Structure formats: structure tokens, C-alpha cells
Number of protein chains: 2
Amino acid sequence: MLTDREKEILGLITRLTEERGFPPTLREIGEAAGISSTNGVRYFLDRLEAKGRIRRGDGLSRAIELIDGPARPSATIRLPEPVAVPLIGRVAAGYPVLSDENIEEHIMVDPSLATPGRTFALRVRGESMKDAGILEGDMVVVREQKEARSGEIVVAIVNGEATVKTYRVKRNGSVILEPANPDFEPIEISEEAPLEIRGKVIAVLRKVG
Amino acid sequence: MLTDREKEILGLITRLTEERGFPPTLREIGEAAGISSTNGVRYFLDRLEAKGRIRRGDGLSRAIELIDGPARPSATIRLPEPVAVPLIGRVAAGYPVLSDENIEEHIMVDPSLATPGRTFALRVRGESMKDAGILEGDMVVVREQKEARSGEIVVAIVNGEATVKTYRVKRNGSVILEPANPDFEPIEISEEAPLEIRGKVIAVLRKVG
DNA sequence: TTGCCTACTGCACGCCTGTGCAGTAGGCTT
DNA sequence: AAGCCTACTGCACAGGCGTGCAGTAGGCAA
């Protein structure tokens, strides 16, 4: 239906509109597409309008209305494919983390921060990892795994309670969960307080303000 | 927060934008609101921008972006629609942040963390905001704006250099950019070192490990 | 009554922006 | 070789459109 170049131009218009909140002018499209003449751009707008992908206001500036096509027209600009990560309510002992009843909603995460698959997100409670830049209310993206290497930040269950801490194996072989805040004490793992690693923190997301 | 008339004007702009797919001009708003002078309209736009309900492009026609944008007719499925945010390379003085050559790539962000529109992301250099949970290498999502309220974390240019700091207006009216790390000194704003605010940090993203 | 805030009018200026018209060049088909 | 489609360049032009500056009028608080 659309030629490659037409798709490209339509994608550009969509991107510019989304980024700025209002549609671009002919010259702005031209600059983005590498077309120096406003009429080169107009040629494409006429075409896109004839093909029903946009509507235009006569003589008005920026009067480009996008008519949503069946698919996202942005296929030509390489937008990364986001990953849907389930946001879970609680990490409880015994229960599998990724069970359906446990999933409240999904958040979309850039693929550079999370891989699809056995990944979940949860909201951090408490200030115990403050000095690692993980604050109360932050969301952490966690890759589900049962083991970890020393120094990695993990989600684990000790004493029936879920917690986010740095996993550390000491020289003498003893294991501790280390907070990143001098106000908190490390948790020593013993036979009375066994460790259940649920996953490893791979990203932190925070809404500011 | 808004006066009755301000609400009315904002509602008008929202309605016009939704009806036509692109924002109105000053004169179109005036006609709809019964204001004969473009400056009557401009008065309200200045107010709405100062109150953070819209953002405007300098000197550009129809460059009105609604902050709590018009409800886009998105087929709301169970997954949230991610927002594409351009990741920019450098924030230089005098240069518009959101120019095409400046955009390296896009990252996808959950809509709860960023609204579509004039938003960009950049990578943080330095440890000066460590205690605010913003570490070296983190990506911050920034809403482009030229002013800020005291206490907000901003991206600004002082002495030709881009920086992320807390914007603070003191009792005596003097302005400082405050780091969140005792190893760094606050930057005092003076006539020799003027302040150029580029935007406000609205989210922090970090890849761990 | 002085001042400040809200809510405008009126007008000139000048860049921004879409339009009209003329033309070019490569690729493909006939 | 002619013709048509895609994909543009270049330039002049008129009016759209935001901006600057000057001014007005009512309400309300000190």
C-alpha cells in the first residue's frame, strides 16, 4: 500500500508528533527526512492524505492529523521492543513468585534493562539499600534465579520475610545479606534462618516528584 | 490552583485538540473563548504554562502541548502502552536539546514513569547526586521545561556545562544548584554564572550488574 | 486611595508556513 | 525511444501566526 519512503515519512511524522505533543511543519519534516524542499515534503503529504493515512487542514500550519493505521507506522524507525514485566504484590515464602494471582499489573521496560522471560518487578519497602541507590518506593526488576554470586543484589526470603540485599559470601564460607545503609545490620544466614534466593536485581526504576 | 476562566480555557484547548487532532492557534482559541485579542489568549497560555498544565514551543505555531494530554484513542488492552523517549548524547549550551542530530537512540519507558511529549533521557555522569539515589551511569528521564520549583531535581547548564542538581530558591531569593553528596559544593547562581534550566527529572532508570 | 491581581483590547512587526509554479533525474514498462 | 511513476530541488509569494508594547477596567485588600 505505502512505498518504503512513504512509510518512513509517516513514521517520522508520528515520532515527531509523539515526542513534542504537536505535529511538525513541512520544513521540520523535511529536515528530519533529509528533504530540502518543502515541496518534496508536500509531495509525500499529498500522497499520505490520498491514501487515507493522514488528514490535513487547508493552509493551516502543523495541521496534520494522524489517522491510526492498522499497525504502528513506526516500523521503519528502529524503536526497541519493550518487555512486559509483571509487577508482583508480595514475595512470600513457599509460594512461587510468578504465579498468576500474584501479578497485579505489568510494566513496560526497555529491553536494555530487562530480558523477556523469567523476570518480575516489585516495589521496594524500606531504606536498607539507600546507599546503593535503591530507595523506598523504587521498583526493582528481578531476574528469577535460585542462586547468586557474591556481591550481587538479590531478592531473598529470610525468616519468612522478603528482602532486597547484597548477597555476600565471606572468606570463611559464611553467608550474609548485607544492607547498603549504616543504620541497618547485616543478616547472617544460619541453619535457623535459612536463605531462599528468589532472584537477582537487574534494574531499578524510580518515579521522581 | 486554576481560576475558573483558566479551567475554561484549558478545557477549550483540550477539546479543540481532540476534535481536530492538532492544537489550535492563539486566534482559534480566542474565537472559541470569545477573546478578540491574541494577547488576551497569550495571557492565559502564559498562566497555564507557569502552572505546569501546558508547555509551549517558543515562536512556533500551534506549539501547545497538553501535559495531562488529551486522552489518546488508544485501544487499551491489558498491557500499558510504552512511551518512546529519545536518549540524547549531550546537553550543550545554546543548543536545543531535542534536535535530531542529538538523538542517539530511543528507550522505551512505562507510561507511569513518563508522559509522551517533550521528554528526553540522558545518562548521568558523576556522583554528585548519589544521596538522592542517582548514580553514575544511571539514565534520567527529563521533561523539557525552562523553569522549575524549589526542591525539584533539574537538568541545567551553568558555566557552559550540563549538570543534574536540586534546584533551590533560598529565603533571600538567591538560587543554588544543590548536589546530594557531601563531597560536592552547591553551585551558586550569579550574573557571571547564569542558570539555564533544560528540564526536570521525572524518573531514574538503572541497569544493575 | 493606592496598589495589586485578573482579565482582557488594539495594533504593528516580522518571521513562519503552506502554496503555486517550474523543473530534474532515475527506474520501469511498453 | 517514449511515457509514466517515484522522488525530489528551487524560488517567490501571501497570509498565518506569535510577539512586543501600550493601555483599560473591575474587584479586593491594606
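These numbers were taken from a predicted model, which means no experiment stands behind them. In what follows, chains carry the letters A, B, and so on, assigned in the order in which the sequence lines appear, proteins first and then strands, with residues in each chain numbered from 1.
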Write out a two-atom table: protein N or O, nucleotide N or O from nucleotides 11-13 of chain D, distance below 3.5 Å.
none

| request: Output, in order, the C-alpha distance, side-chain angles, deciding distance and verdict of side chain to side chain contact (heavy atoms under 4.5 Å, CB included) for Tyr167(B) and Val175(B). | output: CA-CA 7 Å; Tyr167(B) 176 80; Val175(B) 171; 3.6 Å; yes

| request: Classify the nucleic acid contact of Leu26(B) as base, sugar-phosphate or nothing, counting any heavy atom under 4.0 Å across all strands shown. | output: base

Output a table of donor-acceptor pairs, distance under 3.5 Å, between side-chain atoms of residues 177-184 of chain B and any protein atom two or more places apart or on a different chain; print 'none' if there are none.
| residue | atom | partner | partner atom | Å |
| --- | --- | --- | --- | --- |
| Glu178(B) | OE1 | Arg168(B) | NE | 2.8 |
| Glu178(B) | OE1 | Arg168(B) | NH2 | 3.1 |
| Glu178(B) | OE2 | Arg168(B) | NE | 3.4 |
| Asn181(B) | OD1 | Asp183(B) | N | 3.0 |
| Asn181(B) | ND2 | Glu127(B) | O | 2.8 |

| Exceeds 12 heavy-atom contacts within 6.0 angstrom, atom CD of Glu185(B) | no

| message | How many whole angstroms separate atom CZ of Phe22(A) from atom C1' of dC17(D)? | response | 14 Å

| query | Between Asp4(A) (CG) and dC5(D) (C1'), how many Å, whole number? | reply | 15 Å

Tell me whether [X] is salt-bridged to [Y], with the criterion being a basic N under 4.0 Å from an acidic carboxylate O.
{"X": "Glu49(B)", "Y": "Arg56(B)", "answer": "no"}
{"X": "Glu144(B)", "Y": "Lys200(B)", "answer": "no"}
{"X": "Glu28(A)", "Y": "Arg62(A)", "answer": "yes"}

| field | Base of dG18(D) paired with side chain of Arg62(B) (donor-acceptor, under 3.5 Å) | value | no

| On DNA chain C, nearest-nucleotide positions of Leu60(B) versus Gly40(B): which is more 5'? | Gly40(B)

| field | Outermost DNA chain C nucleotides near chain B [under 4.0 Å, heavy atoms] | value | dT6(C) to dT17(C)

| message | Measuring to OP1 and OP2 of dC17(D), would you say a side-chain N or O of Ser61(A) lies under 4.0 angstrom away? | response | yes

| field | Given DNA chain D, 5'-ward residue of the pair Ser36(A) and Arg47(A), judged by closest heavy atom | value | Arg47(A)

| remark: Between Arg206(A) and Ala132(B), the two heavy atoms sitting closest are NH1-O, 3.2 Å

| message | I'd like to know if the side chain of Lys165(B) pairs up with that of Ser128(B) as donor and acceptor (distance under 3.5 Å, no hydrogens or angles considered). | response | yes

